[in-house]
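Taking it in order: structure first as structure tokens, then the write-up.
Note that the numbering runs from 1 along the sequence shown for the chain. What's counted below: heavy atoms across the whole structure, side chains too, no hydrogens, waters or symmetry copies.
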Amino acid sequence: MAASTRLGPKVLLLVHLGVFSWYLFTIWSNCSLQTADRHPGLRSYGGRWKYLTFINLVMHAVFFGLCVLVDAVHSAVSVNQSRSGTPLNLSRARDFYFTVLAFPVGTFVFVSFWTLYTYDRELVYPKLLDEIIPIWLNHAMHTVIMPLLLLQMFLQNHRYPSRTAGIFSLAVFVALYLSWVLWVHHASGIWVYPIMAHLSPVGLCVFLGGASLSMAPLYLLGEKLSLMMWSSTGNQKKKKK
């Protein structure tokens with residue numbers, strides 16, 4: 001059987017534990033900002049939970065926490081025992097979580113934030129936030145997430161579900177988040193991100209529709225990168241449509 005990891009189980013456990021701790025520290029730092037009362041968004045309806053960036057941080061913390069649990073369970077059982085029952089189900093849950101949510105959503109946060117920031121930062125991250133959120137925390141939320149995802153993809157092979165199941169599940173998440181964004185606007189009269197307030201109704205539909213549709217290519221990108229990284233091991237199978 002071809003290898004599914006590039007590190008031994010104990011070393012992999014330490015790596016995952018380190019990344020999990022990093023995400024917990026980042027979330028704690030975000031929630032402990034002494035200047036949070038000056039952040040216009042944190043004082044409004046929905047607080048931090050209306051921002052995809054914060055939701056993504058929590059999702060990644062949960063994912064790497066799951067990785068720690070899977071590593072610990074696999075370290076405690078034999079190889080044969082890890083191929084069935086609870087250990088196998090945990091591995092499948094980890095793979096599904098990474099392929100369907102962690103990678104495409106995290107990549108979207110990274111790409112969309114820095115694209116808008118480069119074009120006009122006031123549309124996504126107004127300059128006044130520099131006095132509220134430390135630069136390192138901004139990069140922890142919007143930059144470091146990408147190399148950590150690529151590191152995880154490189155270190156551990158994740159089996160992708162069928163494309164239909166994977167993209168459908170991702171679409172459900174996107175629909176739920178868009179519903180939340182629209183509800184926040186309905187309930188409070190504010191848009192989660194400044195760019196939305198500058199768009200006409202038609203422009204807003206195009207923007208939200210384009211952002212939603214971009215998730216499918218990001219899912220396929222993750223599948224392609226995983227195949228490239230692991231094809232030499234013979235542990236990748238052609239995906240069913």
Side-chain angles (χ1 to χ4, degrees), residues 2-34 36 48-49 51-79 81-83 86-111 113-114 133-160 173 218-219 221-223 225-230 232-233 235-236:
S4 60
T5 65
R6 300 184 194 275
L7 298 176
K10 293 183 179 179
V11 177
L12 191 63
L13 173 59
L14 290 177
V15 172
H16 284 152
L17 186 59
V19 178
F20 176 56
S21 300
W22 164 255
Y23 274 109
L24 290 183
F25 174 72
T26 301
I27 293 172
W28 176 82
S29 298
N30 185 298
C31 295
S32 301
L33 290 174
Q34 298 299 317
R48 292 176 173 83
W49 291 100
Y51 297 112
L52 186 59
T53 292
F54 186 76
I55 294 174
N56 181 63
L57 281 180
V58 174
M59 286 172 51
H60 284 198
V62 171
F63 168 72
F64 282 103
L66 178 59
C67 286
V68 171
L69 175 61
V70 173
D71 293 343
V73 170
H74 279 251
S75 296
V77 301
S78 67
V79 174
Q81 289 176 320
S82 68
R83 296 174 182 170
T86 299
L88 178 61
N89 290 332
L90 286 174
S91 295
R92 287 173 173 171
R94 177 203 61 203
D95 290 350
F96 187 85
Y97 198 132
F98 180 82
T99 58
V100 173
L101 291 177
F103 184 85
V105 175
T107 304
F108 177 82
V109 169
F110 172 79
V111 173
F113 176 84
W114 288 113
I133 301 176
I135 294 178
W136 77 264
L137 185 54
N138 177 28
H139 283 290
M141 296 187 296
H142 299 112
T143 307
V144 180
I145 55 174
M146 197 66 234
L148 288 180
L149 283 173
L150 293 175
L151 175 65
Q152 171 62 19
M153 180 177 284
F154 175 78
L155 291 180
Q156 196 157 39
N157 185 20
H158 298 277
R159 290 186 175 273
Y160 273 73
F173 171 83
L218 293 178
Y219 173 89
L221 172 64
E223 184 181 89
L225 289 175
S226 181
L227 182 62
M228 290 172 58
M229 290 181 183
W230 289 92
S232 62
T233 69
N235 204 32
Q236 283 283 1

*Decide yes or no on side chain to side chain contact (heavy atoms under 4.5 Å, CB included) for Val15 and Asp71, but give the supporting numbers first.*
CA-CA 10 Å; Val15 172; Asp71 293 343; over 6 Å; no

*Show the numbers, then the answer: is there a side chain to side chain contact (heavy atoms under 4.5 Å, CB included) between Leu227 and Tyr160?*
CA-CA 10 Å; Leu227 182 62; Tyr160 273 73; over 6 Å; no

*Mind running side chain to side chain contact (heavy atoms under 4.5 Å, CB included) on Met141 and Ile133 for me, showing each step along the way?*
CA-CA 11 Å; Met141 296 187 296; Ile133 301 176; 4.1 Å; yes

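In this structure, His142 and Asn138 approach most closely via the heavy-atom pair ND1-OD1, 2.7 Å. Of all non-hydrogen atoms in Leu13 and Ala72, the two that sit nearest each other are CD1-N, 4.2 Å. Between Asn157 and Trp230 the shortest heavy-atom distance is N-CZ2, 3.2 Å. Across all non-hydrogen atoms, the minimal contact from Val73 to Leu90 is CG2-CD1, 3.9 Å. Taking every heavy atom of both residues into account, Trp49 and Ile55 meet most closely at O-CD1, 3.4 Å. Annotation for Ser91 and Val70: closest pair OG-CG1, 3.8 Å, computed over non-hydrogen atoms.
Taking the six-membered ring where the residue is Trp, Phe98 and Phe103 present tilted rings, their angle falling between 30° and 60°.
Every residue two or more places apart in sequence or in another chain that forms a ring-ring contact (aromatic ring centres under 6.0 Å, His included) with Trp136 is listed here: Phe25. With sequence neighbours excluded, the residues satisfying side-chain contact (heavy atoms from CB on, under 4.5 Å) with Asp95 are His158, Arg159. With sequence neighbours left out, Phe108 forms a ring-ring contact (aromatic ring centres under 6.0 Å, His included) with no residue at all.
In this structure, Glu223 CD and Met153 CE are separated by 10.0 Å, a value rounded to the nearest 0.5 Å. One finds the CG atom of Leu66 at 10.0 Å from the NE2 atom of His16 (value rounded to the nearest 0.5 Å). Interatomic distance, CG of Leu33 versus CZ of Arg48, reported as 6.0 Å (0.5 Å rounding). Note that CZ of Phe154 is 15.5 Å distant from CG of Leu149, once rounded to the nearest 0.5 Å. Between the CG atom of Leu17 and the CG atom of Leu24 there is a distance of 9.5 Å, given to the nearest 0.5 Å. Note that CG of Leu14 and CG of Leu7 are 10.0 Å apart. Values are rounded to the nearest 0.5 Å.
Looking at Met59 and Val109, their side chains never come closer than 4.5 Å, going by heavy atoms from C-beta outward. Between Cys67 and Tyr97, every side-chain heavy-atom pair lies at or beyond the 4.5 Å cut-off. Residues Thr5 and Leu155 fail the side-chain proximity criterion, which asks for heavy atoms closer than 4.5 Å. Between Met146 and Leu150 the shortest side-chain heavy-atom distance falls below 4.5 Å. Here the side chains of Trp22 and Thr26 are in contact, with some heavy-atom distance below 4.5 Å.
Counting only distance, with no hydrogens or angles, the side chain of Thr99 and the backbone of Phe96 share a donor-acceptor pair below 3.5 Å. Under the 3.5 Å distance criterion, the side-chain polar atoms of Ser226 are left unmatched by any main-chain donor or acceptor of Gly222.
None of Asn56, Val62, Leu57 except one satisfies the side chain to side chain contact (heavy atoms under 4.5 Å, CB included) rule with His60; the exception is Asn56.
Between Phe63 and Tyr23, the ring centre distance reaches or exceeds 6.0 Å.
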